[in-house]
Asks: 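Encoded as structure tokens, here's the structure I'll be asking about.
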Amino acid sequence: MAQIQVQHQPPVTAPNGVAANAGGAPGQFVSTSLYVGDLDQNVTDSQLYDLFNQVGQVVSVRVCRDLSTRRSLGYGYVNYSNPQDAARALDVLNFTPLNNKSIRIMYSHRDPSIRKSGTGNIFIKNLDKAIDHKALHDTFSSFGNILSCKIATDGTGQSKGYGFVQFDSEEAAQSAIDKLNGMLINDKPVFVGHFLRKQERDGAWNKTKFNNVYVKNISESTTEDDLKKIFGEHGQITSVVVMRDGDGKSRCFGFVNFEDPDAAAKAVDNLNGKKFDEKEWYVGKAQKKYERELELKERFEQSMKEASDKFQGVNLYIKNLDDSISDEKLKELFSDYGTVTSCKVMRDPDGNSRGSGFVAFSTTEEASRALAEMNGKMVVSKPLYVALAQRKEERRARLQAQFSQMRPVAMAPSVAPRMPVYPPGAPGLGQQFLYGQGRHLHR
DNA sequence: AATGAGCGC
């Protein structure tokens with residue numbers, strides 16, 4: 001069972017702090033430092049210590065936490081005094097439940113390049129639900145050294161019937177795929193293949209055959225006949241169109257339909273990126289309208305996420321702003337504390353200040369100093385409110401939490417009237433407020 | 001049907 005060779009000489013420490021691979025089997029790793037992942041939120045340092053100290057001499061443990069919130073990041077480290085104990089712990093304690101959740105142990109590897117590369121990573125599906133992490137590990141360990149392995153589970157720990165094994169080499173992964181794909185395990189034929197990210201799978205999907213080709217960035221003078229001539233070299237064309245506006249002016253894109261999908265693919269390969277009349281053509285598979293919308297939406301959401309990641313910790317939310325404060329004035333107010341990279345007063349459609357805005361700094365240090373110094377400061381007529389800007393989801397989560405706090409107060413009668421009915425002279429706004437919230441919660 | 005997470009003092 002133990003696959004990690006025992007070291008008889010002291011480990012040689014590499015410059016990065018990880019013990020060098022002195023004498024281990026090829027690709028195997030000799031170290032005293034373990035990474036422990038998939039930790040339940042509430043697992044503590046002492047729980048880690050108590051568990052891991054049972055199988056060897058633990059030097060130190062830690063559950064990693066967010067610096068400001070102290071929330072567990074769901075992983076930690078255990079350091080042993082010798083590599084044999086670390087190897088034994090990995091072998092014996094991997095997948096032990098802690099707070100009812102299986103922990104996943106790996107050697108600590110600070111260099112993220114192996115993880116990021118995804119080399120040797122495989123995906124297994126159609127697994128019998130009775131197969132657990134350990135069984136998966138045992139089944140696949142004969143093909144090579146496993147760095148990490150797990151079964152996808154639901155909240156209760158029940159298998160979802162698929163899982164992942166990361167080997168330390170591509171060869172091991174390939175031989176596992178060759179030997180096990182399609183084999184029966186517990187009477188079920190399992191799928192075993194390389195792990196693919198979503199977009200890589202989409203890429204494979206996009207390689208499905210197509211006849212219709214989209215061409216854009218053509219010059220305004222390019223005609224159907226020009227397209228026919230250029231695209232026609234790659235195969236039989238069934239239709240060509242250059243899209244035009246009401247006046248017949250080219251919109252500089254068009255479609256070419258081929259009889260044979262292989263010809264369409266060849267045309268894309270050969271013509272995409274080529275220059276005609278100084279214009280670099282984009283030539284690709286024509287998308288259905290919904291496909292294009294989906295792609296644009298995904299791209300938009302991606303860039304929004306990147307933008308909000310970029311602002312994480314450097315963007316301040318300001319409210320209680322005097323109406324006279326402009327973007328420029330706001331920037332001026334905050335530029336004492338650092339480099340203001342963007343600045344905006346929120347306005348209604350008529351251009352009136354909404355009394356709130358955002359100021360972004362180039363570093364989190366500047367932002368937190370500005371927050372500390374400017375929050376509550378009198379500006380023109382009133383004290384500023386300054387806080388770290390929240391991302392949309394965070395704000396939604398917070399508001400939701402507030403709503404649920406209010407629920408006991410806002411509770412509607414067990415049989416709620418369809419519409420709020422106000423007795424004459426009743427404080428209508430209060431009623432409306434309460435029912436409005438109740439409805440929102442049950443949306 | 002299903003394609004994770006992820007490295008410190």
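Residue numbering restarts at 1 for every chain, and letters A, B, ... go by the order of the sequence lines.
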Asks: Output all residues satisfying side chain to side chain donor-acceptor pair (under 3.5 Å) with A/R115, sequence neighbours left out; order by chain, then residue number.
Replies: none

Asks: Under 4.0 angstrom, heavy atoms only, what part of the nucleic acid is A/Y75 near: base, sugar-phosphate, or nothing?
Replies: sugar-phosphate

Asks: Does A/G161 reach a base, just sugar-phosphate, or nothing at all? Heavy atoms under 4.0 Å.
Replies: base

Asks: Give the rounded distance in Å between these two atoms: NZ of A/K101 and P of B/dG4.
Replies: 16 Å

Asks: Distance only, no hydrogens: is a donor on one side chain within 3.5 Å (strictly under) of an acceptor on the other, for A/H194 and A/E170?
Replies: yes

Asks: Can you list, in residue-number order, the parts of residues 115-130 of chain A that come under 4.0 Å of DNA chain B, counting heavy atoms only?
Replies: A/R115, A/N121, A/F123, A/K125, A/N126

Asks: What is the distance, rounded to the nearest whole Å, between atom CE of A/M106 and atom C1' of B/dG8?
Replies: 15 Å

Asks: Round to a whole Å and report the spacing from NZ of A/K160 to C1' of B/dA1.
Replies: 12 Å

Asks: Rounding to a whole Å, what distance do you find between A/I105:CD1 and B/dA5:C1'?
Replies: 15 Å

Asks: Round to a whole Å and report the spacing from NE2 of A/H133 to C1' of B/dG4.
Replies: 12 Å

Asks: Would you mind reading off the distance between A/H194 atom NE2 and B/dT3 atom P, rounded to a whole angstrom?
Replies: 18 Å

Asks: Side-chain polar contacts of residues 173-183 of chain A - donor-acceptor pairs under 3.5 angstrom, sequence neighbours left out - could you list them?
Replies:
residue: A/Q174; atom: NE2; partner: A/D178; partner atom: OD1; Å: 3.0
residue: A/S175; atom: OG; partner: A/A172; partner atom: O; Å: 3.3
residue: A/N181; atom: OD1; partner: A/V192; partner atom: N; Å: 2.9

Asks: Can you classify the ring geometry of A/F255 versus A/F253 as parallel (below 30°), tilted (30 to 60°) or perpendicular (above 60°)?
Replies: perpendicular

Asks: Which of residues 148-155 of chain A have a heavy atom under 4.0 Å from DNA chain B?
Replies: A/S148, A/K150

Asks: Roughly how many Å is it from CD in A/Q166 to P in B/dG6, rounded to a whole number?
Replies: 14 Å

Asks: Can you run down the ring-ring contact (aromatic ring centres under 6.0 Å, His included) pairs that involve residues 52-106 of chain A, sequence neighbours left out, and say none if there aren't any?
Replies: A/Y35-A/Y75, A/F95-A/H133

Asks: Once side chain to side chain donor-acceptor pair (under 3.5 Å) is applied, do any residues pair with A/N42, and if so which ones, sequence neighbours excluded?
Replies: none

Asks: Identify whether the distance between the nearest side-chain nitrogen and carboxylate oxygen of A/D85 and A/R88 falls below 4.0 Å.
Replies: yes

Asks: Figure out the CG/P separation between A/L196 and B/dA5, and round it to whole Å.
Replies: 16 Å

Asks: In sequence, state the C-alpha distance, the side-chain angles, and the governing distance for A/S31 and A/S33, and then conclude on side chain to side chain donor-acceptor pair (under 3.5 Å).
Replies: CA-CA 6 Å; A/S31 167; A/S33 237; 4.9 Å; no

Asks: For B/dT3 and A/R201 - does any side-chain N or O of the residue sit under 4.0 Å from the phosphate oxygens OP1/OP2?
Replies: yes

Asks: Would you indicate, yes or no, if B/dG4 has its OP1 or OP2 atom less than 4.0 angstrom from a side-chain nitrogen or oxygen of A/R197?
Replies: yes

Asks: Of all the nucleotides listed (B/dT3, B/dC7, B/dG8), which has the minimum atom distance to the side chain of A/F191?
Replies: B/dT3

Asks: Any salt bridge between A/D38 and A/K150, counting N to O under 4.0 Å?
Replies: yes

